[in-house]
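Every number for a ligand or one of its atoms is a count from 1 in the order of the listing. Values in this document were obtained by computation on a predicted structure and should not be read as measured data.
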Amino acid sequence: MSKHRIAVLPGDGIGPEVMKEALRVLESVAGKQGFEVVTDEYLVGGAALDASGNTTPLPTETLQGCEDSQAILFGSVGGPKWEDLPPDIQPERGALLPLRKHFGLFANLRPGVCHAALKDASPVKNSLIPEGFDVLCVRELTGGIYFGTPKERREENGEEVAIDTMVYRRSEIERIAHVAFQAAKGRRGKLCSVDKANVLQNSRLWREVVVEVSREYPDVELSHLYVDNAAMQLIRYAPDYDVIVTGNLFGDILSDEMAMISGSLGMLPSASLGSPSEGGCNFGLYEPSGGSAPDIAGQGIANPIAQVLSLAMLLRYSLAEEAAAVSIECAVEKSIEDGFRTGDIFSGAAGEKLVNTSEMGQAILDRL
Ligand code: IPM
Ligand code: MG
């Protein structure tokens, strides 16, 4: 029996509540599929700040625990309680960004899926998404303006100036382009690269390199959009898109837009991956696309589906347990078909059953 080890970082807000459901699903699916997963839980974000007297949102034991694991299942971090701390130790900047950088998690996969059955939850008109949509956003995650230097505040001629630098190296663009082309190959064979090549130098390099890499993938149809236009086109007709590849900042923005038009942030998982090891398996961090939702935390009403689907991605990409991943995805699909709805996706239509977090978890468990 294969034995895996993962680090579990529930974090803040709704993180612990939805994580509980994901862990129930994990235990059941592992039993059914005949493998074992050791889960070690660590503090992160505001929870770690509270426990450390506001010294760090990413304690050494947490980082060490992640290093000793095959993957990280992450909940969410942040909340009003920690917003006034110095930026470097705030939960988001002080925990998430260092984790991404430390483990070289350059490829962020964010599926934006609107199930046909949930299109009423989308703010986009039904006529524009007759069958829902399924777009995969591949976001570069360890470069660009998030990490480029200089990144500082200084004084120039007696005036305060703040500087961030957008840098992309050829090698960084090449490796994310390969991830995106591979993904498109396994899907509907269409890739749209998003940049701002009409203004930015690094976007011009981005486009050149993506075109070069495309020669290795003659069966994938490549197109390009400037980011402002992409923001429009996604709303105009999302079903036209299959895979989108873009830099760190543009991907941050477009993936939120996609999440919004898909109906609920509570549905969307994400995977942040590094380079595959020799066995073909990736270390990765898996987290819901939505945040810690402090407004509904502690009430037991959050949608656990994003966390459960993040677990499915973890099983697929980091543990190579494809059958378990598929079984979870099917169980989620079936729960939706059978009418189970947490508040965020409840429209009141006939056949829908309004449920809380653990009831949704149970519905998924019952359908594994
Ligand atoms: C995301 C988030 C993060 C980002 C923040 C919390 C630093 O918005 O994962 O999209 O900007 O990458
Ligand atoms: Mg974001």
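Counting only N and O atoms by type, the side chains of Y217 and Q182 include a donor and acceptor under 3.5 Å apart.
For the side chain to side chain contact (heavy atoms under 4.5 Å, CB included) test with I244, the passing option among V138, L191, V194 is V194; the others fail.
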Hey, what polar pairs (N/O, under 3.5 Å) does ligand 1 make with protein?
{"from": "ligand 1", "atom 1": "8 (O)", "to": "D252", "atom 2": "OD1", "distance (Å)": "3.2"}
{"from": "ligand 1", "atom 1": "9 (O)", "to": "R100", "atom 2": "NH2", "distance (Å)": "2.7"}
{"from": "ligand 1", "atom 1": "9 (O)", "to": "R110", "atom 2": "NH2", "distance (Å)": "2.7"}
{"from": "ligand 1", "atom 1": "10 (O)", "to": "R110", "atom 2": "NH1", "distance (Å)": "3.1"}
{"from": "ligand 1", "atom 1": "10 (O)", "to": "R110", "atom 2": "NH2", "distance (Å)": "3.1"}
{"from": "ligand 1", "atom 1": "10 (O)", "to": "R139", "atom 2": "NH1", "distance (Å)": "3.3"}
{"from": "ligand 1", "atom 1": "10 (O)", "to": "D252", "atom 2": "OD1", "distance (Å)": "2.9"}
{"from": "ligand 1", "atom 1": "11 (O)", "to": "Y146", "atom 2": "OH", "distance (Å)": "2.5"}
{"from": "ligand 1", "atom 1": "11 (O)", "to": "D252", "atom 2": "OD1", "distance (Å)": "3.4"}
{"from": "ligand 1", "atom 1": "12 (O)", "to": "R100", "atom 2": "NH1", "distance (Å)": "2.7"}
{"from": "ligand 1", "atom 1": "12 (O)", "to": "R139", "atom 2": "NH1", "distance (Å)": "3.3"}
{"from": "ligand 1", "atom 1": "12 (O)", "to": "R139", "atom 2": "NH2", "distance (Å)": "2.8"}

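Under the ring pair (Phe, Tyr, Trp, His ring centres under 6.0 Å) criterion, H4 pairs with F35, not counting sequence neighbours. For E321, there are no salt bridge (Lys or Arg N to Asp or Glu O under 4.0 Å) partners, not counting sequence neighbours.
Because its NZ or CZ atom is both nearer than 6.0 Å to the ring centre of F147 and within 45° of the ring axis, K101 counts as a cation-pi partner of that residue. Cation-pi contact between R139 and Y146: present, with separation from the ring centre below 6.0 Å and deviation from the ring axis of at most 45°.
Using cut-offs of 30° and 60° on the angle between ring planes, the pair Y317 and Y286 is parallel.
Listed by chain and number, D252 OD1 are the protein N/O/S atoms closer than 2.8 Å to the Mg ion (ligand 2), with waters left out.
Contact check on R24 versus E17 returns no salt bridge, with no Lys/Arg side-chain nitrogen under 4.0 Å from an Asp/Glu carboxylate oxygen. Between E212 and R170 a salt bridge is recorded (basic side-chain N to carboxylate O distance below 4.0 Å).
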